[in-house]
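Every chain is numbered from 1 and lettered A, B, ... according to where its sequence line falls, protein lines coming before strand lines.
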Number of protein chains: 2
Amino acid sequence: MDATGVLLETVAYRDLKVVDIAREAGTSPATFYQYFPDVEAAMLAMAADLGEAWHDDLSKLITNRDWEGDPDGSAHRVADGMLEFWTRHKSVLRVLDMASMEGDLRFRGIRTNLLAGATEALMGLAARRDTPGDPRASAGVVVGMLAHVANHQHGLERWGVSHDLLVETVAGIIRRTILGVA
Amino acid sequence: MDATGVLLETVAYRDLKVVDIAREAGTSPATFYQYFPDVEAAMLAMAADLGEAWHDDLSKLITNRDWEGDPDGSAHRVADGMLEFWTRHKSVLRVLDMASMEGDLRFRGIRTNLLAGATEALMGLAARRDTPGDPRASAGVVVGMLAHVANHQHGLERWGVSHDLLVETVAGIIRRTILGVA
DNA sequence: CGCGTATCTGATACCCCGTCAGGTACCGGC
DNA sequence: GCCGGTACCTGACGGGGTATCAGATACGCG
């Protein structure tokens, strides 16, 4: 799995071969097949691990905030934290995202669970503050936006939107959509 | 390219083989290679076609609106139109998205160009109305959000967010982020 | 030392990739 | 009707990745 992660940093998922993973891990392809039936299974395991490890942290990122006293700073902290998390694990999250889009139910389950912590925290926040609009839909869309922006961060920067400006903009949307504060 | 499109509806990009495309097109693999050096090149061509065909339509979707008289309805119309467009071409757009995430500059160029019409239209709208926040960043993030929501529409529906509610929520974010109307 | 268990790997059948030389169809000039 | 040109298609093949299995190797334990 480590070797898979390393290769995924530089190689497109489509071109990720068992032979290369085995070579990177200093072993033979046959050994790989003792642990996983195919590359997809290895990715599934990596995604599951990531979900396990971060489910709680992501929800804490939202709940451990003083939303009443400092809504603006809190929104910033959340935006920044999510972007940072996504950047750190982008290669795995990319595959997770793509497989979910393609309708793979196992990956989608992991993705839903990984984001559930964050989404439910935002949902509760929106409900408690009586923000107009459906809390579930708002939270889901906001989390999705965060994921997408994180994935295309590099593209947006090339297009002339700096990291700070991005955080600023995303924080604004969180504030207005979840907290209902202009 | 038609055969590729058909297969992409049911098969993951990772598992899209030249043999299958050739079979679907009722020809031999060697024929495929007369037109494209590999599967990626075929996808590139399909994405480019899509960009060509929709660049203008997507910007018209935004500019052909009575934003002053009916901001709410206009935002709805835009949200719905983008989601519909994405749904119609989801298989190609999925690949476009993924390749862009993975840093492929050719795909990213096409994606930027495809979205440029819509993004610039929103940018102009935000600038004209003196909406707080950077117009470029706001427009970029909003368009990204639309793309992401469209890609994960099915997942959100499974999670309990109906299509109508999604359009409603997204329209709200457009209204507040671009128009500055609560 | 000897046995059981766990782990690894060389060898292999199969499939897909990408290329080339050589076919086939069509067309315009004679 | 023949003929040469052009465009397009394909069978055949070397190269390489996939997935499997039988057999080798390492290790723990009485």
Side-chain angles (χ1 to χ4, degrees), chain A residues 1-50 52 91-92 94-110, chain B residues 1-50 52 91-92 94-110:
Chain A
M1 282 167 65
D2 286 350
T4 306
V6 169
L7 283 179
L8 214 55
E9 300 282 330
T10 54
V11 174
Y13 180 47
R14 190 165 202 285
D15 302 322
L16 193 58
K17 312 287 182 196
V18 177
V19 211
D20 299 324
I21 297 173
R23 209 196 322 271
E24 173 72 29
T27 177
S28 78
T31 304
F32 177 93
Y33 287 104
Q34 280 207 325
Y35 296 91
F36 307 106
D38 51 29
V39 178
E40 194 190 348
M43 290 307 312
L44 210 50
M46 293 176 74
D49 276 10
L50 201 62
E52 199 95 3
S91 43
V92 177
R94 218 151 53 196
V95 175
L96 184 57
D97 247 39
M98 202 209 43
S100 301
M101 284 191 235
E102 276 173 343
D104 187 302
L105 294 180
R106 298 160 304 170
F107 279 103
R108 190 141 77 200
I110 292 172
Chain B
M1 283 167 65
D2 286 350
T4 306
V6 169
L7 282 180
L8 213 56
E9 301 281 331
T10 55
V11 174
Y13 180 46
R14 187 164 204 283
D15 301 322
L16 194 58
K17 313 285 184 199
V18 179
V19 212
D20 299 324
I21 297 172
R23 208 195 324 269
E24 174 72 29
T27 177
S28 80
T31 304
F32 178 93
Y33 289 103
Q34 280 206 328
Y35 297 92
F36 307 105
D38 51 29
V39 177
E40 195 189 347
M43 289 307 311
L44 210 49
M46 292 176 74
D49 276 11
L50 201 62
E52 198 95 3
S91 44
V92 177
R94 217 149 54 194
V95 176
L96 183 58
D97 247 39
M98 203 210 43
S100 300
M101 284 191 234
E102 276 172 344
D104 187 303
L105 294 180
R106 297 161 304 170
F107 279 103
R108 189 140 77 198
I110 292 173

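- Contact record, Leu96(A) with Phe107(A): CD1-O, 3.4 Å, taken as the closest heavy-atom pair.
- As a whole-Å value, the separation of Tyr35(B) OH from dG18(C) C1' is 17 Å.
- Straight-line distance from the CZ atom of Phe32(A) to the C1' atom of dG10(C): 19 Å, rounded to whole Å.
- Between the P atom of dC14(C) and the NZ atom of Lys17(B) lies a distance of 19 Å, rounded to the nearest Å.
- Not a single donor-acceptor pair under 3.5 Å links the side chain of Arg14(A) to the backbone N or O of Ala99(B).
- The footprint of chain A on DNA chain D, defined by a heavy-atom cutoff below 4.0 Å, extends from dG17(D) to dC21(D).
- The stretch residues 23-30 of chain A touches DNA chain D through Ala30(A), each having a heavy atom within less than 4.0 Å of the strand.
- Side-chain nitrogen and oxygen atoms of Tyr33(B) include none within less than 4.0 Å of the OP1 or OP2 phosphate oxygen of dT19(C).
- Between Val18(A) and Gln34(A), the residue anchored closer to the 5' end of DNA chain D is Val18(A), taking for each the nucleotide with the nearest heavy atom.
- The pair Asp97(A)-Arg94(A) does not count as a salt bridge, with every side-chain nitrogen at least 4.0 angstrom from each carboxylate oxygen.
- With rounding to whole Å, Asp38(A) atom CG is found 18 Å from dC15(C) atom P.
- If you check every strand for non-hydrogen atoms under 4.0 Å, Phe36(B) touches nothing.
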